[in-house]
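Step one of this worksheet: look at the structure below.
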Amino acid sequence: MSQQTNPRGTFLKIANALKTRIEGDPSMTVLPSLTEVVREYKVSRGVAVRAFGVLKQEGVAEPAAGERWRVIRPGTVVDRRPLHERIADVITADELEVGEAFPSASVLAERFGVSRPTVTKALEKLEAAGVLAGGGQGRVRTVHTLPTREERS
């Protein structure tokens with residue numbers, strides 16, 4: 001942004017531009033990252049954060065822990081449980097048995113749309129809970145126990 005341009009209201013313009021983008025692309029499920037917004041609109045991080053705040057206030061988007069901001073669409077159900085609980089559901093969804101190999105962090109990162117380090121932290125929680133065994137660099141994680149109903153809900 002040039003120094004001659006008045007920054008007042010810039011975050012509102014960015015929020016409106018993002019809303020237009022969301023309305024124009026029904027398949028859009030996450031917002032661009034803050035870094036992408038800063039680069040694209042040539043504004044400070046604070047201005048981008050305020051634009052995201054407007055989207056949250058208007059019910060268009062919401063922050064997701066360890067993930068990009070999610071687009072909220074009317075009538076769409078979003079699983080807001082912590083990532084480690086959603087990953088534990090993979091055992092049931094994929095009908096894995098005790099002793100079977102669990103999907104890798106890379107596969108899970110792609111499946112859930114998050115970064116590998118975020119998945120690794122969630123997998124460590126499942127290992128600590130005794131649901132998964134193994135892990136570590138180059139080692140395959142296996143299903144140690146099937147999650148109980150309390151662990152999945």
Side-chain angles (χ1 to χ4, degrees), residues 11 14-15 17-153:
F11 69 96
I14 294 170
L18 290 171
K19 281 194 293 190
T20 302
R21 203 185 292 180
I22 291 167
E23 291 164 2
D25 184 3
S27 64
M28 186 177 188
T29 57
V30 294
L31 294 179
S33 70
L34 281 173
T35 304
E36 292 168 346
V37 171
V38 166
R39 264 193 224 124
E40 182 177 346
Y41 295 97
K42 297 178 177 49
V43 294
S44 69
R45 183 173 173 84
V47 170
V49 167
R50 287 184 73 186
F52 279 38
V54 169
L55 296 176
K56 179 181 178 183
Q57 185 177 14
E58 294 180 1
V60 176
E62 66 182 358
E67 302 176 36
R68 288 187 174 188
W69 279 58
R70 282 189 278 248
V71 174
I72 300 173
R73 301 223 185 251
T76 304
V77 178
V78 177
D79 190 351
R80 290 181 170 84
R81 294 177 301 148
L83 183 61
H84 71 277
E85 290 179 12
R86 291 185 284 151
I87 289 177
D89 285 346
V90 168
I91 295 169
T92 307
D94 293 359
E95 299 178 355
L96 299 176
E97 299 292 329
V98 173
E100 279 191 72
F102 197 73
S104 70
S106 298
V107 169
L108 292 169
E110 181 72 26
R111 183 170 176 170
F112 290 98
V114 297
S115 68
R116 256 186 345 102
T118 300
V119 170
T120 301
K121 289 178 187 176
L123 290 172
E124 289 169 356
K125 287 182 180 182
L126 292 173
E127 288 175 14
V131 176
L132 298 177
Q137 187 173 4
R139 295 178 53 205
V140 176
R141 284 182 179 84
T142 57
V143 178
H144 189 257
T145 60
L146 298 178
T148 61
R149 180 170 287 268
E150 294 86 36
E151 290 170 335
R152 287 187 303 203
S153 60

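Just so it is clear, the model here is predicted, and its values are computed rather than measured.
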### Query
With sequence neighbours left out, which residue pairs that include part of residues 116-139 fulfil the salt bridge (Lys or Arg N to Asp or Glu O under 4.0 Å) condition?
E127-R141
### Message
For a quick test of reading the model, state the closest non-hydrogen atom pair linking G59 to I72 and the distance between them.
### Response
O-CB, 3.6 Å
### Residue pairs, two or more places apart or on separate chains, that pass side-chain hydrogen bond (donor to acceptor under 3.5 Å, both in side chains) and touch residues 96-105
none
### Task
Could you name each residue pair satisfying salt bridge (Lys or Arg N to Asp or Glu O under 4.0 Å) that touches residues 20-31, not counting sequence neighbours?
R21-E40
### Message
Within this structure, what is the CZ-CZ distance for the pair R86 and R81, rounded to the nearest 0.5 Å?
### Response
7.5 Å
### Message
Quick one, F52 and V37 - any side-chain contact, counting heavy atoms below 4.5 Å?
### Response
yes
### Query
Looking only at heavy atoms, what is the nearest atom pair of I91 and V131, with distance?
CD1-CG1, 3.5 Å
### Query
After noting the C-alpha distance and the side-chain angles of L123 and F102, does the key distance pass the side-chain contact (heavy atoms from CB on, under 4.5 Å) rule?
CA-CA 10 Å; L123 290 172; F102 197 73; 3.7 Å; yes
### Query
Mind checking what makes side-chain contact (heavy atoms from CB on, under 4.5 Å) contact with K56, not counting sequence neighbours?
P63, W69
#### Entry: Contacts of P82 that satisfy side-chain contact (heavy atoms from CB on, under 4.5 Å) - sequence neighbours left out
H84, E85
### Query
Who are the side-chain contact (heavy atoms from CB on, under 4.5 Å) partners of T20, not counting sequence neighbours?
none
### Task
List the atom of A15, the atom of A51, and the distance in Å for their closest heavy-atom pair.
CB-O, 3.7 Å
### Query
How far apart are the closest heavy atoms of L146 and L96, and which atoms are they?
CD2-O, 3.7 Å
### Query
Which residues satisfy the side chain to side chain donor-acceptor pair (under 3.5 Å) test with E36, sequence neighbours excluded?
R68
### Task
May I ask you to decide if G130's main-chain N or O and T145's side chain share a donor-acceptor pair within less than 3.5 Å?
yes
### Summary
By side-chain contact (heavy atoms from CB on, under 4.5 Å), E58 pairs with (sequence neighbours left out) K19, V54, V60
### Query
Shortest non-hydrogen contact from I87 to A122?
CD1-CB, 3.8 Å
### Summary
For H144 and L132, the nearest pair of non-hydrogen atoms, with its separation, is CB-C, 3.8 Å
Validation: residues 106-114 side-chain donor-acceptor distances under 3.5 Å, sequence neighbours left out:
from	atom 1	to	atom 2	distance (Å)
R111	NH1	D94	OD2	3.0
R111	NH2	D94	OD1	3.3

### Query
Does any non-hydrogen side-chain atom of I22 lie less than 4.5 Å from one of L31?
yes
### Task
Scan for salt bridge (Lys or Arg N to Asp or Glu O under 4.0 Å) pairs involving residues 45-55, sequence neighbours excluded, and state none if there are none.
none
